[in-house]
Peer 1: 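Sending over a structure as structure tokens; questions will come in a sec.
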Amino acid sequence: MKHFLRMFVQICLYFYCKCLWRCLKFVVRKLTGQCELQRICYNTKPGAARTMKIEASLKGSKSKRLQTSVSVHPDAIEKTIDDIMELKRINPDINPQLGVSLQACLLQIVGYRNLIAEVEKLRREPYDSENPQHEEMLLKLWKCLKPNSPLKARISKQWCEIGFQGDDPKTDFRGMGLLGLYNLVYFAEWDTEIAQQVLSDSLHPKYRELTKKELSQLTKAEWEKKKFDKAIGYSFAIVGINITDLAYNLLVSGALKTHFYNVAPEAPTLTHFQQTFCYLMHEFHKFWIEEDPLDIMEFNRVREKFHKQILKQLQNPEMALCPHFAASESLINM
């Protein structure tokens, strides 16, 4: 009986999605004189809310031409807009702003797909110690993080000072390939002051300041234990590679669409991804201090909790993780 009811519900949902919903759209179009794409562009402000609705509308269309419009080459976007306008019987002279709005949305949608491909390519490329460019980037990472401490040798225990596991960092890049190195170098080069501070704090961790309320809730035994316990640090470079993995998964899952569609007026680029990594590294560092883990074995628990917090933030269609990197002013008139 339960199986029959489940099947019945599924059939009803299928019927609703395929028939009733399209009938409803047809009725609304007749009443308003506007297709769904027009209603979205005219009634939803620029940014993630609009672009994600446009993307869903195009993907869910019964027209193959509209379905494939989200995966065209960037150079073909203008022609694709003309095709959409023609297919929907929209006069571009009467609706000039619609073409501009659709183009902005398609640039973001197509750009996001291309960004995934670019990031995936870097992730799959292994670090090669025989490649001069790879070696140059690795040495740049050291110079940015430890400008006053020359590296004595390429193979050296000094690498542990910036959070690598052994005397040759190349083995630590296996999981994320060149992507991990690219992100770490970007953080160290463009957010140098913050990167150096995070590195210093990871090596010399401190407890966060307890509020008066928290202090009042501690028992005498807990307070005594707190006085003698040491705060737990972490390996900066290894955590950076781990946060790269977190950022990669947010990107591939589509969770970062909210952020990128709000901060990139056109196609999101690798630079946008790297800026997001910088934000995540800084935020994770603060989150680690707040969580006050007992030991490094709690890293996975803290990381998972941080991941869930970021996912929750990204459910807000107006969310921009790092608004100071945003070019969102360009979105206003699109």
Side-chain angles (χ1 to χ4, degrees), residues 17 21-118 254 256-273 275-276 314 316-334:
C17 293
W21 176 242
R22 284 177 180 167
C23 289
L24 180 61
K25 289 205 298 183
F26 176 79
V27 171
V28 173
R29 173 159 190 166
K30 288 298 180 182
L31 291 173
T32 63
Q34 297 177 343
C35 70
E36 185 177 39
L37 295 177
Q38 287 175 295
R39 295 195 301 274
I40 293 171
C41 288
Y42 295 153
N43 299 325
T44 311
K45 67 179 183 179
R50 177 192 287 179
T51 302
M52 292 175 80
K53 285 180 180 179
I54 292 291
E55 186 174 12
S57 178
L58 293 172
K59 286 182 176 179
S61 173
K62 61 183 179 182
S63 167
K64 287 290 182 184
R65 289 169 68 186
L66 293 185
Q67 290 174 14
T68 57
S69 64
V70 298
S71 55
V72 298
H73 190 276
D75 294 339
I77 287 179
E78 284 191 30
K79 184 180 181 306
T80 302
I81 298 299
D82 292 338
D83 291 343
I84 292 173
M85 301 284 271
E86 181 183 351
L87 187 65
K88 292 292 185 179
R89 299 175 184 175
I90 300 170
N91 188 333
D93 295 326
I94 300 175
N95 302 273
Q97 190 60 36
L98 180 63
V100 176
S101 299
L102 285 176
Q103 184 174 13
C105 291
L106 271 186
L107 281 169
Q108 291 182 318
I109 294 165
V110 171
Y112 192 92
R113 290 171 64 95
N114 292 339
L115 176 59
I116 290 177
E118 186 179 2
L256 277 179
K257 286 181 179 180
T258 307
H259 166 65
F260 286 142
Y261 291 169
N262 281 327
V263 301
E266 295 184 347
T269 64
L270 183 62
T271 299
H272 287 112
F273 179 76
Q275 290 167 348
T276 304
L314 290 170
N316 179 359
E318 297 186 359
M319 184 64 192
L321 290 177
C322 33
H324 57 292
F325 290 126
S328 54
E329 290 179 1
S330 305
L331 293 171
I332 294 171
N333 296 317
M334 285 186 178

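Below, each value reflects all heavy atoms present in this structure, side chains not excepted, and no hydrogens, waters or symmetry copies.
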Peer 1: So, E318 and K45, do they make that salt bridge, N to O below 4.0 Å?
Peer 2: yes
Peer 1: Looking at N262 and A320, would you say the former's side chain and the latter's main chain have a donor-acceptor pair under 3.5 Å?
Peer 2: no
Peer 1: Can you confirm whether I81 sits close enough to L106 that some side-chain heavy atom of one is under 4.5 Å from a side-chain heavy atom of the other?
Peer 2: yes
Peer 1: Evaluate the side-chain proximity of Q67 to L58: yes if any heavy-atom separation is below 4.5 Å, no if none is.
Peer 2: no
Peer 1: Apply side chain to side chain donor-acceptor pair (under 3.5 Å) to D83 and list each qualifying residue two or more places apart in sequence or on a separate chain.
Peer 2: K79
Peer 1: Holding to side-chain contact (heavy atoms from CB on, under 4.5 Å), I want the full list of residues that pass it with E78, two or more places apart in sequence or in another chain.
Peer 2: Q103
Peer 1: Measure the spacing between OH of Y261 and CG of L256 and express it to the nearest 0.5 Å.
Peer 2: 10.5 Å
Peer 1: Report the C-alpha separation of L314 and L321 in whole Å, then their side-chain angles, then the decisive distance to 0.1 Å, and conclude whether the side chain to side chain contact (heavy atoms under 4.5 Å, CB included) test is met.
Peer 2: CA-CA 8 Å; L314 290 170; L321 290 177; 3.9 Å; yes
Peer 1: Roughly how far apart are L98 CG and K88 NZ, rounded to 0.5 Å?
Peer 2: 11.0 Å
Peer 1: Could I get the full list of side-chain contact (heavy atoms from CB on, under 4.5 Å) partners for S63, not counting sequence neighbours?
Peer 2: S61, R65, L66, L87
Peer 1: Nearest 0.5 Å please: distance from the CD1 atom of I77 over to the OG atom of S69.
Peer 2: 9.5 Å
Peer 1: Can you name the closest pair of heavy atoms from R50 and C41 and give their distance?
Peer 2: NH2-O, 3.0 Å
Peer 1: Please identify each residue that fulfils side chain to side chain donor-acceptor pair (under 3.5 Å) with K257, with sequence neighbours left out.
Peer 2: E55
Peer 1: To the nearest 0.5 Å, what is the distance between OG (S101) and CD1 (I40)?
Peer 2: 11.5 Å
Peer 1: Provide the closest heavy-atom pair for N91 versus D93 in the form atom of the first, atom of the second, distance.
Peer 2: OD1-N, 2.9 Å
Peer 1: Mind checking side-chain contact (heavy atoms from CB on, under 4.5 Å) for A49 and listing every partner two or more places apart, or none if nothing turns up?
Peer 2: T44, P317
Peer 1: With P74, which residues qualify under side-chain contact (heavy atoms from CB on, under 4.5 Å), at least two apart?
Peer 2: V110, N114
Peer 1: Search all heavy atoms of P92 against all heavy atoms of M85 and return the closest pair with its distance.
Peer 2: CA-CE, 3.7 Å
Peer 1: Quick one: pull up OG in S57 and CE in M52 and give me the separation to the nearest 0.5 Å.
Peer 2: 14.0 Å
Peer 1: Report the distance from atom OG1 of T51 to atom OH of Y112, rounding to the nearest 0.5 Å.
Peer 2: 12.5 Å
Peer 1: Would you check if H272 and L115 make a side-chain contact, meaning some heavy-atom pair closer than 4.5 Å?
Peer 2: no
